[in-house]
Amino acid sequence: MEVGTKKKKSLFAEIDMTSGNLFWKIVLFALPLGFTTVLQLLYTSVDLITVSQGDSPDSMAAIGATNVIVNLIVVVFQAMALGSNVCLAQAKGAGDHEKAQKVLHTSLWMALISGVVVGLIGYFVAPYLLEAIGTEEAYLEKSSQYLEIYFLGLPALMLFNYCAQMLRAEGDAKAPFIALTVAGLTNVAFDCLFVFAFKMSVAGVAYATIMAQALSAIIVIIVLFKSKSSYVNIHLKELKIDKETMFDIIRIGLPAGLQRFFFSLPNIFVQSALYTIDPGNTDLTNGAIAAGNIEGYVYAMIEGLTLSCLSFTAQNLGAKKGNNIKKVFIYAEIWGLIYCALAALVIGLFNEPLLYLLVDSPESVASGRERLFIMIFPYAMNSIFQISAGSMRGQRHSTFPMITVLLCSTIVRIVYIYALFYQFDFFHNLTWLYFVYPLSWTLNSICNLSGLAYFMPRTLRKIEEENRLSPAERPISESEN
């Protein structure tokens, strides 16, 4: 592909992130990102509905019990792909095609290696991890079976995630969305086949999930091989690890991965605390799982806006357009607040029918409604905290938001559970258990906005200084400072 020539419009045409009406471009780019996350969540929803209808409520609880482990381990390594996003977006913004190609091929190896290593380790330790978080004995065996199979599919999941992040970094959010649409339909078909026809229970939905993940990975890899509109393409002769590029990706991606780890870690304590409210009450557990699943769909668009903010910021950093970096953050936050208001309205009006899609008992619905009301109405705080972190990470300041999550999410939530929830009967209920989430979001928002007020002026001053230099003197890529 000849770099710099005008590209023919195609299904996977990229969005220009450095010029034009950024207010609308940000949300147009975020929409397929959000829908992509929704499709990933549909894997879990379809799994839950299928085993609930085709097997038993215990099977639903068994799959739900694995979510904490998946979020704690798998999502950490998925988040590291954000380093690839930032590096490739900055290289494209600076017009450095050679650097972008190195990011692509190095990232593919990182995805494959991390997927194989973590997948194998996870397969053998899955039962012990579930025991460690206090999974109830009644569905421990089924949970272990589901998680072991899920870990076997991790290489495909990592390849999809890294490839998706690189496509997004260059301005293509459609290809990952289309890949997951095809994979999602495949997942539904195999769920029904394995559970209803072959009576495979949780093993069936686990195999259906990893087959769908493999298909999504194959599709995005083909796009990176064949798409003429893509800024980067896979070439087998270039498929090697560039050490400098790898360390640059890790420098940005590792704090992002650790942030996800610190954010997910206290969820283990929250889930263990949930089991103590009314031990053995499957309705209580299933209601909480169903509400958590619905909340995941609400979060999907926030994640889309966060990734949009990150990619737009990184490209404009590479293009040395400081004013756009300010606009991107403000516009993303405006869209986030609008979206949170709409989500709160929908949940307020339709929470009961939404919950009945996943559970069938009034007790489970009551449990789920309580969680939804506590978490969704103050969701704007989550939006502010996530998008501000995305802006900092796009500016190559990835460590600060990691530290704020460690302090405001991990430590605050764990201390809250042990100092209040377990110690006082007044706090030992669903309402006060889930109140810890909006509390930590608010603290995170305050810290991240303070950090952004410190870092952004310095980023803009640095861009101004570099713009005064001749093109030959300007650095293409810099370490985080």
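Fair warning: this is a prediction, and the values are worked out from it, not measured in the lab.
- Between Trp335 and Met301 there is no side-chain heavy-atom pair separated by less than 4.5 Å.
- Put simply, the side chain of Ser227 never gets that close to the backbone of Leu224: no donor and acceptor are under 3.5 Å apart.
- For the atom pair NZ of Lys321 and CE of Met17, the computed distance is 13.0 Å after rounding to the nearest 0.5 Å.
- Inter-residue side-chain proximity for Tyr207 and Phe190 is flagged as unmet; no heavy-atom pair is nearer than 4.5 Å.
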Derivation and outcome, side-chain contact (heavy atoms from CB on, under 4.5 Å), residues Phe194 and Lys199:
CA-CA 6 Å; Phe194 292 155; Lys199 306 297 181 183; over 6 Å; no
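- Distance alone, capped at 3.5 Å, is enough to place a donor-acceptor pair between the Thr186 side chain and the Val182 backbone.
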In residues 256-264, what donor-acceptor pairs under 3.5 Å come from side-chain atoms, sequence neighbours left out?
residue, atom, partner, partner atom, Å
Gln259, OE1, Arg393, NH2, 2.4
Arg260, NH2, Glu303, OE2, 3.2
Ser264, OG, Asn71, O, 3.2
Ser264, OG, Arg260, O, 3.0

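- Between Ile330 and Lys327 the shortest side-chain heavy-atom distance does not fall below 4.5 Å.
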Decide side-chain contact (heavy atoms from CB on, under 4.5 Å) for Ile178 and Ile219; before the verdict, give the C-alpha distance in whole Å, the side-chain angles of both, and the deciding distance to 0.1 Å.
CA-CA 9 Å; Ile178 292 170; Ile219 292 172; 5.6 Å; no
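- In this structure the side chain of Leu112 never reaches within 4.5 angstrom of the side chain of Leu108, judged on heavy atoms.
- Minimum heavy-atom separation, Asn444 to Ser409: ND2-OG, 2.7 Å.
- Minimum heavy-atom separation, Gly20 to Lys25: CA-NZ, 4.1 Å.
- Each of Phe329, Phe312, Phe455 was evaluated against Ser391; a single residue qualifies, Phe329, per the side-chain contact (heavy atoms from CB on, under 4.5 Å) test.
- In this structure, CZ on Phe151 lies 11.0 Å from CG on Leu120, to the nearest 0.5 angstrom.
- Using a 4.5 Å heavy-atom threshold, the side chains of Cys340 and Ile302 count as touching.
- Under the rule for a salt bridge (charged side-chain N to carboxylate O under 4.0 Å, His left out), Glu148 has no partner lying at least two apart in sequence or in another chain.
- Evaluated for a side-chain contact (heavy atoms from CB on, under 4.5 Å) with Gln165, the options Leu82, Val86, Leu310, Leu88 yield exactly one hit, Leu82.
- Atom CD1 of residue Ile387 and atom CG of residue Asn448 lie 11.5 Å apart, to the nearest 0.5 angstrom.
- Counting only residues at least two apart or in different chains, side chain to side chain donor-acceptor pair (under 3.5 Å) contacts with residues 102-112 comprise Ser84-Ser107.
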Is there a side-chain contact (heavy atoms from CB on, under 4.5 Å) between Tyr150 and Thr66? Walk through the geometry before answering.
CA-CA 10 Å; Tyr150 186 92; Thr66 67; over 6 Å; no
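- Judged by distance alone, the side chains of Ser230 and Asp172 never bring a donor and an acceptor atom under 3.5 Å apart.
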Show your working on side-chain contact (heavy atoms from CB on, under 4.5 Å) between Gln90 and Gln315 and close with a plain yes or no.
CA-CA 5 Å; Gln90 189 177 3; Gln315 274 210 28; over 6 Å; no
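- No donor-acceptor pair under 3.5 Å is formed between the side chain of Ser308 and the backbone N or O of Gly304.
- Side-chain contact annotation: Thr18 with Asn316, donor-acceptor N/O pair under 3.5 Å absent.
- Pairing each heavy atom of Ala290 with each of Leu355, the nearest pair is CB-CD2, 4.1 Å.
- The closest donor-acceptor contact from the side chain of Thr135 to the backbone of Leu130 lies under 3.5 Å.
- With rounding to the nearest 0.5 angstrom, the OG atom of Ser388 is 9.0 Å from the CZ atom of Phe400.
- Judged purely by atom type and a 3.5 angstrom limit, Asn324 has no side-chain atom pairing as donor or acceptor with the backbone of Thr313.
- The main-chain N or O of Val103 is never found under 3.5 Å from a side-chain atom of Thr245 such that the two would form a donor-acceptor pair.
- One finds the CG atom of Leu31 at 9.5 Å from the CZ atom of Phe177 (value rounded to the nearest 0.5 Å).
- Proximity of a side-chain donor or acceptor of Asn293 to a complementary backbone N or O of Ile289 within less than 3.5 Å is not detected.
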Evaluation steps, ring-ring contact (aromatic ring centres under 6.0 Å, His included), between Trp24 and Tyr331
CA-CA 9 Å; Trp24 290 106; Tyr331 294 162; over 10 Å; no
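- Nearest heavy-atom pair across Asn187 and Ala212 is CB-CB, 3.7 Å.
- Between Asp248 and Lys243, no side-chain nitrogen of the basic residue sits less than 4.0 Å from a carboxylate oxygen of the acidic one, so the salt-bridge criterion is not met.
- Phe247 CZ: 12 or fewer foreign heavy atoms inside a 6.0 Å radius.
- Nearest approach of Val220 to Pro176, heavy atoms of both residues: CG1-CA, 4.1 Å.
- At a threshold of 4.5 Å between non-hydrogen side-chain atoms, the residues Asn85 and Ser311 count as touching.
- Between the side chains of Tyr437 and Asn267, a donor-acceptor pair is found at a separation under 3.5 Å.
- A side-chain donor-acceptor contact under 3.5 Å links Ser440 and Arg413.
- Atoms CD1 and CG, from Ile376 and Asn382 in turn, are 9.0 Å apart once rounded to the nearest 0.5 Å.
- Side-chain atoms of Ser216 come within 3.5 Å of backbone atoms of Gln213 as a donor-acceptor pair (strictly under, hydrogens ignored).
- Contact check on Glu170 versus Lys92 returns no salt bridge, with no Lys/Arg side-chain nitrogen under 4.0 Å from an Asp/Glu carboxylate oxygen.
- Counting heavy atoms from C-beta on, the side chains of Phe385 and Val405 come closer than 4.5 Å.
- Looking only at side-chain heavy atoms (C-beta outward), Met80 and Tyr162 come within less than 4.5 Å of each other.
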